[in-house]
Amino acid sequence: MSEPLLQGRTAVVTGAAQGIGLAIAQAFSRAGAGVVLADIDGDAAVAAAATLPAAIGIRCDVTSEDEVAAMVGQATGAFGSLDVMVNNAGFVRDATLRNLTLEDFRAVLDVHLVGAWLCTRAAADVMREQKSGSIVNISSLSGKVGNPGQTNYSAAKAGMVGLTKAAAKELGRHGVRVNAVQPGLIETALIGGMRPEVIEARLADIPLGRIGQPDDVAKVVLFLASDMASYVTGAVIEITGGRGM
Ligand SMILES: NC(=O)c1ccc[n+]([C@@H]2O[C@H](COP(=O)([O-])OP(=O)(O)OC[C@H]3O[C@@H](n4cnc5c(N)ncnc54)[C@H](O)[C@@H]3O)[C@@H](O)[C@H]2O)c1
């Protein structure tokens with residue numbers, strides 16, 4: 001394949017103002033896509049989009065059905081199609097069961113799982129008609145192995161795997177692929193709250209011997225988004241440097 005992997009395609013990335021989402025938007029842009037960077041922090045999304053060609057930044061809270069519908073409408077309005085949807089937005093509210101509130105359990109389920117479902121459903125409406133599309137869900141190794149202090153996050157990220165596989169089975173005959181990735185420890189603001197000794201302990205378990213970078217995730221997501229993965233659906237790819245295999 002000589003032309004850029006996403007030439008002429010339109011992609012939406014949620015939570016794209018920073019971190020892994022921004023790295024994915026940058027990789028997609030380098031690959032020739034028109035990119036919608038969506039984030040609950042609309043100003044940051046607009047500022048990030050201004051650094052890329054053929055990109056727009058918009059505010060979208062993925063937990064809002066109306067804002068998700070508007071986001072998909074803006075993507076098709078600006079670029080004429082929706083070919084790739086990346087469900088990346090999220091945050092953590094870590095606490096042990098003794099201290100975790102119902103509010104923080106629900107908030108984490110809401111942003112990762114309900115948000116990914118709302119965006120998958122809205123994107124599928126467009127992609128089904130197009131008879132093509134790729135949806136990539138950003139799960140986490142925490143959803144495979146479970147992390148103490150993350151009963152909310154691990155449940156949400158495991159739920160995204162079920163969502164991915166069920167949607168892949170529903171949408172496959174319409175030419176729409178749905179896959180997930182499970183990153184391990186990636187250097188972003190999200191892990192800023194982790195204690196140094198916890199990071200050291202995790203490092204000891206990483207065969208590749210380093211913390212991952214956002215671009216390590218973006219490269220795999222670009223593969224899944226592109227025709228390079230034309231016969232891949234319902235897959236869950238770990239991006240962990242080998243930890244938790
Ligand atoms: N960093 C890691 O080690 C790691 C590991 C595995 C999975 N992940 C997952 O990768 C994704 C990106 O994480 P990151 O590390 O880049 O974090 P980050 O905090 O740097 O970025 C997350 C982005 O999501 C946005 N966001 C939060 N709530 C939102 C909402 N309701 N609607 C829209 N946008 C919202 C934030 O404003 C932020 O820009 C998350 O789903 C996270 O769970 C991260």
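Order of listing sets the numbers, starting from 1, for every ligand and every atom in it.
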task: Please verify whether a non-hydrogen atom of G115 lies at under 4.0 Å from ligand 1.
output: no
message: When you compare ligand 1 with V62, is there at least one nitrogen or oxygen pair between them that comes in under 3.5 angstrom?
response: yes
Residue-ligand contact E187/ligand 1, heavy atom below 4.0 Å: no
task: Heavy-atom contacts with A89 under 4.0 Å: which atoms of ligand 1 show up? List them by number with element.
output: 24 (O), 33 (C), 34 (N), 35 (C), 41 (O)
message: Which residue and atom name correspond to the protein heavy atom nearest atom 23 (C) of ligand 1, and how close is it?
response: G15 O, 3.6 Å
query: Counting both backbone and side chain atoms, is some N or O of Q18 under 3.5 Å from an N or O of ligand 1?
result: yes
message: For atom 17 (O) of ligand 1, what's the nearest protein heavy-atom neighbour? Residue, atom name and distance, please.
response: L190 CB, 3.5 Å
- prompt: Is F91 in polar range of ligand 1, meaning some N or O pair under 3.5 Å apart?
  reply: no
query: If we ignore angles and hydrogens, is there a donor and acceptor under 3.5 Å between the side chains of S81 and D83?
result: yes
- prompt: Backbone, side chain, both or neither: what part of I40 comes under 4.0 angstrom of ligand 1, heavy atoms only?
  reply: both
task: For residues A17 and A48, report the shortest heavy-atom separation together with the two atoms involved.
output: O-CB, 4.1 Å
- request: Consider every N or O of D61 and every N or O of ligand 1, then say whether any pair is closer than 3.5 Å.
  value: yes
task: Tell me, please: is H112 in heavy-atom contact with ligand 1, that is, under 4.0 Å?
output: yes
Nearest heavy atoms of V111 and T63, plus distance in Å: CA-CG2, 3.7 Å
query: Under a heavy-atom criterion of less than 4.0 Å, does V111 contact ligand 1?
result: yes
task: List the atom of S29, the atom of L52, and the distance in Å for their closest heavy-atom pair.
output: OG-CB, 3.9 Å
- prompt: Do D39 side-chain atoms and A45 backbone N/O form a donor-acceptor pair below 3.5 Å?
  reply: no
- prompt: Does G184 have a heavy atom less than 4.0 Å from any atom of ligand 1?
  reply: yes
Protein residue, atom and distance nearest to atom 41 (O) of ligand 1, heavy-atom basis: N88 O, 2.7 Å
field: For G19, the ligand 1 atoms whose distance to one of its heavy atoms is below 4.0 Å
entry: 16 (O), 20 (O)
- prompt: Under 3.5 Å between some N or O of ligand 1 and some N or O of T63?
  reply: no
message: Are M228 and I239 linked, directly or through intermediate hydrophobic residues, by side-chain heavy-atom contacts shorter than 4.5 Å (ILVMFWY only)?
response: yes
- line: Heavy-atom closest pair (A225 atom, V84 atom, distance to 0.1 Å) is CB-CG1, 3.7 Å
- prompt: To which protein heavy atom is atom 22 (C) of ligand 1 closest, and what is the distance rounded to 0.1 Å?
  reply: G90 O, 3.6 Å
query: What is the closest protein heavy atom to atom 14 (P) of ligand 1, and at what distance does it sit?
result: T188 OG1, 3.5 Å
- request: Using a 4.0 Å heavy-atom threshold (strictly under), name the region of I191 that reaches ligand 1: side chain, backbone, both or neither.
  value: side chain
- prompt: Which protein non-hydrogen atom lies closest to atom 6 (C) of ligand 1, naming both residue and atom, and how far is it?
  reply: P183 O, 3.3 Å
query: By number and element, which atoms of ligand 1 are closer than 4.0 Å to a non-hydrogen atom of I138?
result: 9 (C), 10 (O)
- prompt: Short list, please: which atoms of ligand 1 are under 4.0 Å from a heavy atom of C60?
  reply: 32 (N), 33 (C)
- prompt: Can you name the nearest heavy-atom pair linking K144 to E238, along with the distance?
  reply: NZ-OE2, 2.9 Å
message: For the CD atom on Q7, are there more than 12 heavy atoms of other groups (residues, nucleotides or ligands in this structure) within a distance under 6.0 Å?
response: yes
- prompt: Quick one: CE on M245 to CG on D205, what's the gap to the nearest 0.5 Å?
  reply: 10.5 Å
query: Can you tell me which residue and heavy atom of the protein come closest to atom 43 (O) of ligand 1, and the distance to 0.1 Å?
result: Y153 OH, 2.5 Å
message: If we ignore hydrogens and angles and just use 3.5 Å, is the side chain of Q150 paired with the main-chain N or O of S142 as donor and acceptor?
response: no
task: Check step by step if side-chain contact (heavy atoms from CB on, under 4.5 Å) holds for V12 and V86.
output: CA-CA 6 Å; V12 173; V86 180; over 6 Å; no
message: Is there a polar contact between ligand 1 and I20, counting only N or O atoms under 3.5 Å apart?
response: yes
- line: If we number the atoms of ligand 1 from 1 as shown, the ones under 4.0 Å from a heavy atom of S139 are 7 (C)
Point-to-point distance, once rounded to the nearest 0.5 Å, from CG of D216 to CD1 of I186: 6.0 Å
- request: Might you work through the side-chain contact (heavy atoms from CB on, under 4.5 Å) test for L224 and V181, ending with a clear yes or no?
  value: CA-CA 9 Å; L224 289 171; V181 297; 3.6 Å; yes
- prompt: Does a donor on one side chain sit under 3.5 Å from an acceptor on the other, for S154 and N147?
  reply: no
message: Considering non-hydrogen atoms of the protein only, which is the closest contact for atom 3 (O) of ligand 1, and what is the distance?
response: I186 N, 2.9 Å
